[in-house]
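Here the structure is laid out as structure tokens; the discussion comes afterwards.
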Protein chains: 2
Amino acid sequence: MTVLNEALDGLRRMIAAGEVTPGEKFPSETELCARLNVSRSSLREAVRTLSALGVIESRHGSGTYLSRLDPAQVIRNFSLTVDLLPLDSLLQLFEIRRVLEAHMAAQAAARCTPALADSLNSLIVRMEDEPDPRLAADLDSQFHRLICDAGGNPTITSLIDVFRSRGSHYKIMEGTAAAEVRAASDAGHRSIAAAIIARDPIAAQSAAASHVAQTEYWLRLLLDPGTPHVAEAI
Amino acid sequence: MTVLNEALDGLRRMIAAGEVTPGEKFPSETELCARLNVSRSSLREAVRTLSALGVIESRHGSGTYLSRLDPAQVIRNFSLTVDLLPLDSLLQLFEIRRVLEAHMAAQAAARCTPALADSLNSLIVRMEDEPDPRLAADLDSQFHRLICDAGGNPTITSLIDVFRSRGSHYKIMEGTAAAEVRAASDAGHRSIAAAIIARDPIAAQSAAASHVAQTEYWLRLLLDPGTPHVAEAI
DNA sequence: ACAAGCATAGTCATCAGACCACTTTTCGCA
DNA sequence: TGCGAAAAGTGGTCTGATGACTATGCTTGT
């Protein structure tokens with residue numbers, strides 16, 4: 001057992017035992033060092049570890065705090081990791097994204113309000129009229145976020161955000177097939193919105209799943225233009 | 001911009017630029033310090049941060065390596081975080097787990113082989129005959145893992161594992177309603193297995209969703225015995 | 001020529017102590 | 001009483017040294 005792991009263990013134990021409650025302040029680094037019998041550098045590495053995972057927050061000059069441990073907030077921390085994944089690793093996440101976005105669309109359909117309907121319609125029109133691919137991608141994000149928010153589970157929303165966060169996304173809108181991609185994407189959005197506004201969860205679910213699957217297909221094409229296949233080996 | 005963040009940025013930049021490819025070794029800490037213009041302590045805190053996220057691996061005496069960046073492996077790192085979440089935070093993850101487990105059950109149903117059918121049946125019998133709640137919980141894990149593996153997406157499997165990892169699970173099997181809980185759980189398993197063996201994805205999906213929802217219900221009861229409600233506010 | 005064992009150099013792990021930057025509290029002055 | 005400055009407390013960063021582990025290549029004996 002390394003020193004770092006002992007320190008980590010000590011901190012985790014304190015949290016699990018309720019010695020520090022969410023949002024509360026830990027003892028000072030000096031005191032923690034004494035308590036856990038480790039040097040300050042080792043303690044700080046342990047703190048950094050938990051800090052990277054969104055469990056701890058260090059505030060310069062003030063103290064070290066246990067985070068609120070809100071799942072949505074913890075999950076948001078991981079988007080920087082997703083940014084580092086190579087494209088083929090990223091593609092492995094698409095099945096999750098497809099299932100979750102479909103679920104959220106279904107939930108949104110079940111709860112759709114007139115206000116949501118208006119917002120969706122307005123966004124679609126603006127998106128289709130936007131010539132700049134980047135701004136269009138931005139409106140796209142807003143569209144999906146609107147649906148996620150309507151779905152009612154902020155935790156799932158943040159998880160989907162992590163998957164979608166990847167900036168290099170709009171690249172598929174700039175290839176030779178840009179126009180085709182754009183048209184298909186717009187059509188997908190209209191299907192999703194129509195199903196949600198009709199308060200038809202099943203239709204919304206399949207429309208959203210199909211939309212994500214299509215994005216996955218284009219990305220896969222980008223990775224390997226030779227052998228495009230949406231479905232996995234049977 | 002703090003020194004730590006500059007170091008983090010430098011490392012991330014190296015990864016994104018492909019200076020180090022997955023599995024490869026970074027330059028030594030000393031050289032990285034010189035390159036990024038930070039002290040060794042700050043560099044090490046940056047390395048620890050990426051290491052906590054499963055992006056980097058430090059091997060004592062050998063070097064600092066970029067991980068394979070396999071999503072399943074990266075996700076597995078987060079189980080220690082889930083262990084620290086309070087029960088009410090954990091419950092917010094159940095909607096995700098429900099959707100994903102249902103999806104995996106559906107996939108397993110679509111691909112069920114005779115071998116899988118045998119394994120499922122055998123596990124169910126052993127589970128129902130096991131008197132010790134802990135060993136039964138263990139068999140329960142095996143049952144669900146079997147289904148996930150059959151689902152064919154290791155990334156989703158590891159994500160579900162993270163949600164299920166939480167050891168405190170078996171507590172619901174030890175309350176006053178233990179017998180009732182156990183019986184319902186066994187019945188749920190039989191439904192799921194039957195649907196998978198019948199190669200009926202829709203049935204498998206709803207059976208699995210219902211099973212997870214039931215677990216969630218019991219846990220919620222544990223948290224707040226007064227006002228149990230499965231559905232959210234309408 | 002080859003294999004086992006051993007030095008050696010390279011690397012991460014840990015420690016100690018100092019100083020800096022920021023925040024919070026305290027206390028004296030207007 | 002209210003405000004501002006001082007002081008105390010805390011995390012942020014740096015330096016340098018030492019320990020522990022790994023990999024490499026060499027030495028040695030067969």
Side-chain angles (χ1 to χ4, degrees), chain A residues 1-15 19-69 73-74 77 80, chain B residues 1-15 19-69 73 77 80 84:
Chain A
M1 180 73 119
T2 70
V3 173
L4 169 60
N5 272 284
E6 279 176 31
L8 269 174
D9 228 56
L11 291 176
R12 275 198 278 256
R13 216 181 296 279
M14 288 178 68
I15 297 170
E19 283 185 58
V20 188
T21 59
E24 231 181 45
K25 187 152 75 166
F26 277 87
S28 75
E29 292 188 347
T30 318
E31 189 179 331
L32 284 174
C33 289
R35 172 117 59 119
L36 304 176
N37 258 306
V38 299
S39 73
R40 187 152 170 238
S41 350
S42 296
L43 175 78
R44 281 183 61 77
E45 292 194 12
V47 168
R48 278 281 160 257
T49 298
L50 292 177
S51 165
L53 295 170
V55 173
I56 277 184
E57 290 165 12
S58 286
R59 297 179 208 158
H60 191 178
S62 172
T64 306
Y65 297 77
L66 181 58
S67 85
R68 290 189 297 107
L69 292 180
Q73 170 220 320
V74 170
N77 274 90
L80 284 177
Chain B
M1 182 73 118
T2 70
V3 174
L4 168 61
N5 272 284
E6 277 175 32
L8 269 174
D9 228 56
L11 291 176
R12 276 199 277 256
R13 215 180 298 277
M14 289 177 68
I15 298 171
E19 283 184 57
V20 187
T21 59
E24 231 181 45
K25 185 152 78 167
F26 277 88
S28 76
E29 291 186 347
T30 318
E31 189 180 333
L32 283 173
C33 290
R35 173 117 60 116
L36 304 176
N37 259 306
V38 299
S39 74
R40 188 146 171 249
S41 357
S42 297
L43 176 77
R44 281 182 61 77
E45 293 196 9
V47 168
R48 278 279 160 258
T49 297
L50 291 177
S51 164
L53 294 171
V55 173
I56 278 183
E57 291 166 13
S58 286
R59 297 180 208 159
H60 191 174
S62 170
T64 306
Y65 298 77
L66 181 57
S67 85
R68 291 190 296 107
L69 292 179
Q73 170 220 320
N77 275 89
L80 284 178
L84 295 178

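As a basis for the values below, the full set of heavy atoms in this structure was taken, side chains included, without hydrogen atoms, waters or symmetry mates. By convention in this document, chain letters (A, B, ...) are assigned in the order of the sequence lines, proteins followed by strands, and residues within each chain are numbered from 1.
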Which residues in residues 21-37 of chain A have at least one heavy atom lying under 4.0 Å from any atom of DNA chain C?
none
Shoot me the first and last contacting nucleotide of DNA chain D against chain B, ordered 5' to 3', at under 4.0 angstrom to non-hydrogen atoms.
D:dT13 to D:dT22
Stepwise, does the side chain to side chain contact (heavy atoms under 4.5 Å, CB included) test hold for B:Leu11 with B:Val20?
CA-CA 10 Å; B:Leu11 291 176; B:Val20 187; over 6 Å; no
Please confirm whether the backbone N or O of B:Glu24 pairs with a side-chain atom of B:Thr21, one donor and one acceptor, at under 3.5 Å?
no
I'd like a table of donor-acceptor pairs (distance under 3.5 Å, sequence neighbours excluded) in which one partner is a side-chain atom from residues 60-68 of chain B, with atom names and distances.
unit_1, atom_1, unit_2, atom_2, d
B:Ser62, OG, B:Tyr65, OH, 2.5
B:Ser67, OG, B:Gly54, O, 2.9
B:Ser67, OG, B:Val55, O, 3.4
B:Ser67, OG, B:Leu69, N, 3.0

Inter-residue atom distance B:Leu53.CG - A:Asn77.CG, 0.5 Å rounding:
8.0 Å
B:Glu19 pairs by salt bridge (Lys or Arg N to Asp or Glu O under 4.0 Å) with which of B:Lys25, B:Arg13, B:Arg35?
B:Arg35
By a strict heavy-atom criterion of less than 4.0 Å, which residues belonging to residues 40-51 of chain A are in contact with DNA chain D?
A:Arg40, A:Arg44, A:Arg48
Rounded to the nearest angstrom, tell me the gap between atom CD in A:Glu6 and atom C1' in C:dC15.
14 Å
Side chains of A:Ser28 and A:Glu31: any donor to acceptor distance under 3.5 Å?
no
note: A:His60, atom NE2; C:dC22, atom P; distance rounded to Å ~ 6 Å
Looking only at heavy atoms, which two atoms of A:Ser42 and A:Leu4 are closest? And how far apart?
O-CD1, 4.0 Å
Where B:Leu43 and B:Glu29 come nearest, the two heavy atoms and their spacing
CD2-O, 3.5 Å
Minimum heavy-atom separation for A:Asp9 and A:Met1, please, with both atom names.
CG-CE, 4.3 Å
Review item, side-chain donor-acceptor pairs of residues 45-52 of chain B, under 3.5 Å, at least two apart:
unit_1, atom_1, unit_2, atom_2, d
B:Glu45, OE1, A:Arg44, NH2, 3.3
B:Glu45, OE1, A:Arg48, NE, 2.8
B:Glu45, OE2, A:Arg44, NE, 2.8
B:Glu45, OE2, A:Arg44, NH2, 3.3
B:Arg48, NE, A:Glu45, OE1, 2.7
B:Thr49, OG1, B:Glu45, O, 2.9

For nucleotides 24-27 of chain C, which of its nitrogen or oxygen atoms have a protein nitrogen or oxygen under 3.5 Å away, and what is each distance?
none

Nearest non-hydrogen partners of B:Leu36 and B:Ala7, listed with the distance:
CD1-O, 3.9 Å
